[in-house]
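Each chain gets a letter, A, B and so on, in the order the sequences are listed, and its residues count up from 1.
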Amino acid sequence: MQKALADSVVVLDFETTGLSPQYGDRAIEIGAVWLEEGRIVERFQKLMNPGFRISRFIEGYTGITNEMLSGQPRCEEVMAEFSEFIDGRNIVAHNASFDKRFLDSELKRVNRAYKGDCCCSLLVSRRVFQNSPNHKLQTLLSHAGVPKTGDFHRALADAEMTAYLWLSMIERIRRQYRISEVSFDQMSELSKIDKLYTHRYLTSLADTSEI
DNA sequence: TGCCAGGCCCTCTTTAGGGCCTT
């Protein structure tokens, strides 16, 4: 069976009413880009109505207003559609545990579940960009020399910029360690290993590479 | 209206605590 390559994934981002679906927070926007061999081949972006008014803090933070959400489809309708978009694909998100919680919570409401694998670009960045001042998306883009392509804190723009950050990390690993292809599983493993062993791990991949 | 969480990571650690990151 052919291994899944790290540059063929769906990168997603949620804007939400707060931090915790456990306490009733809901998604208000989803943005995602489908990467295929390192190129964006499809985009998904939808605002969605959570069924209650969002706070002024979230309006200010995201730029998404209650007015913008009125008349938008309900979360259930959007998530059913998005479920088809990610079916059969691995996903990447910045601080993926956050987005995965909302993904699982919203899909559960439409009696669906995501069964693929999920990798966190934040955790990988802590290995690859150890000298970055911090590992916020905005800082990492600047640190990696990745151009800003949209407004931060909007789902599609954040997903797209996370995708370019993700690709830059793959490319950095490939060049620095002379690895011909980086698999999704290797990036997942990298995100989990101890930071101190990053160099050793990547070197071991280069040793077994089929260049 | 304001509040809420959770997983990872580091260190003055592991019988713990606090910072980071996401909205």
Side-chain angles (χ1 to χ4, degrees), chain A residues 9-33 44-69 72 75 78-79 82 86 91-109 114 117-144 146 148 150-166 169 187-201:
Chain A
V9 295
V10 168
V11 184
L12 70 88
D13 183 67
F14 277 107
E15 304 304 319
T16 70
T17 64
L19 294 173
S20 176
Q22 299 264 35
Y23 283 77
D25 286 319
R26 300 294 303 272
I28 56 174
E29 186 182 38
I30 185 160
V33 295
F44 187 103
Q45 184 275 330
K46 287 282 168 69
L47 287 169
M48 49 189 135
N49 193 325
F52 54 87
R53 291 182 65 80
I54 63 173
S55 69
R56 281 190 175 183
F57 172 78
I58 294 298
E59 283 188 319
Y61 188 82
T62 63
I64 299 169
T65 63
N66 281 292
E67 187 178 14
M68 289 164 67
L69 293 176
Q72 296 294 336
C75 300
V78 172
M79 292 309 297
F82 186 67
I86 56 173
I91 60 176
V92 169
H94 201 64
N95 199 16
S97 64
F98 173 85
D99 293 282
K100 185 65 164 43
R101 276 198 300 278
F102 276 93
L103 179 67
D104 290 341
S105 171
E106 294 293 351
L107 287 179
K108 190 175 180 183
R109 290 172 179 267
Y114 172 69
D117 290 324
C118 182
C119 188
C120 178
S121 57
L122 167 64
L123 296 182
V124 173
S125 77
R126 283 177 173 162
R127 308 291 177 268
V128 176
F129 294 125
Q130 297 191 7
N131 294 326
S132 180
N134 60 58
H135 295 84
K136 294 177 182 176
L137 178 59
Q138 191 165 352
T139 306
L140 285 164
L141 291 172
S142 174
H143 184 78
V146 176
K148 175 177 178 280
D151 294 329
F152 289 107
H153 306 307
R154 285 301 301 266
L156 183 59
D158 279 0
E160 191 171 297
M161 290 186 281
T162 300
Y164 289 131
L165 172 69
W166 177 255
M169 292 194 292
M187 290 294 266
S188 291
E189 184 65 24
L190 181 60
S191 74
K192 294 171 189 166
I193 65 170
D194 193 303
K195 184 177 174 181
L196 295 172
Y197 298 117
T198 298
H199 178 70
R200 186 186 300 178
Y201 174 71

On DNA chain B, check which nucleotide each of Q22(A) and D194(A) is closest to and give me the residue with the more 5' one. Q22(A)
Flag side-chain contact, heavy atom, 4.5 Å: W166(A) against H94(A): no
Using only heavy-atom distances, determine whether the side chains of S20(A) and D25(A) contain a donor-acceptor pair under 3.5 Å. no
Do Y201(A) and Y197(A) have ring centroids that are under 6.0 Å from one another? no
Roughly how far apart are K148(A) NZ and L137(A) CG, rounded to 0.5 Å? 11.0 Å
In the 5' to 3' direction, the nucleotides of DNA chain B bounding the stretch that comes under 4.0 Å of a heavy atom in chain A are dC4(B) to dT23(B)
Basic-acidic side-chain contact under 4.0 Å: R26(A), E106(A): yes
With a 4.5 Å cut-off on side-chain heavy atoms, are T162(A) and L12(A) touching? no
Interatomic distance at P, dG18(B) relative to dC12(B), whole Å: 15 Å
Near DNA chain B, which residues from residues 50-57 of chain A have a heavy atom under 4.0 Å away? F57(A)
In terms of heavy-atom contacts, I64(A) and M68(A) come closest through CA-SD, 3.8 Å
When you compare dC9(B) with dC3(B), how far apart are their C1' atoms, in angstrom units rounded to a whole number? 26 Å
In whole angstrom, give me the gap between the C1' atoms of dG2(B) and dG7(B). 25 Å
Considering heavy-atom distances to DNA chain B, does T16(A) or S191(A) have its closest nucleotide positioned more toward the 5' end? S191(A)
With sugar-phosphate meaning primed atoms plus P, OP1 and OP2, does L123(A) contact a base, only sugar-phosphate, or nothing at under 4.0 Å between heavy atoms? sugar-phosphate
Heavy atoms, side chains only, cut-off 4.5 Å: are R101(A) and Q22(A) in contact? no
NA contact type, L137(A), heavy-atom cut-off 4.0 Å: base, sugar-phosphate, or nothing? sugar-phosphate
How far does the C1' atom of dG19(B) sit from the matching atom of dT1(B), given to the nearest Å? 28 Å
Between dC8(B) and dT13(B), how far apart are the C1' atoms? Round to whole Å, please. 15 Å
With K100(A), which residues qualify under side chain to side chain contact (heavy atoms under 4.5 Å, CB included), at least two apart? L103(A), D104(A), Y114(A), C118(A)
With a non-hydrogen cut-off below 4.0 angstrom, is D99(A) in contact with a base, only sugar-phosphate, or nothing? nothing
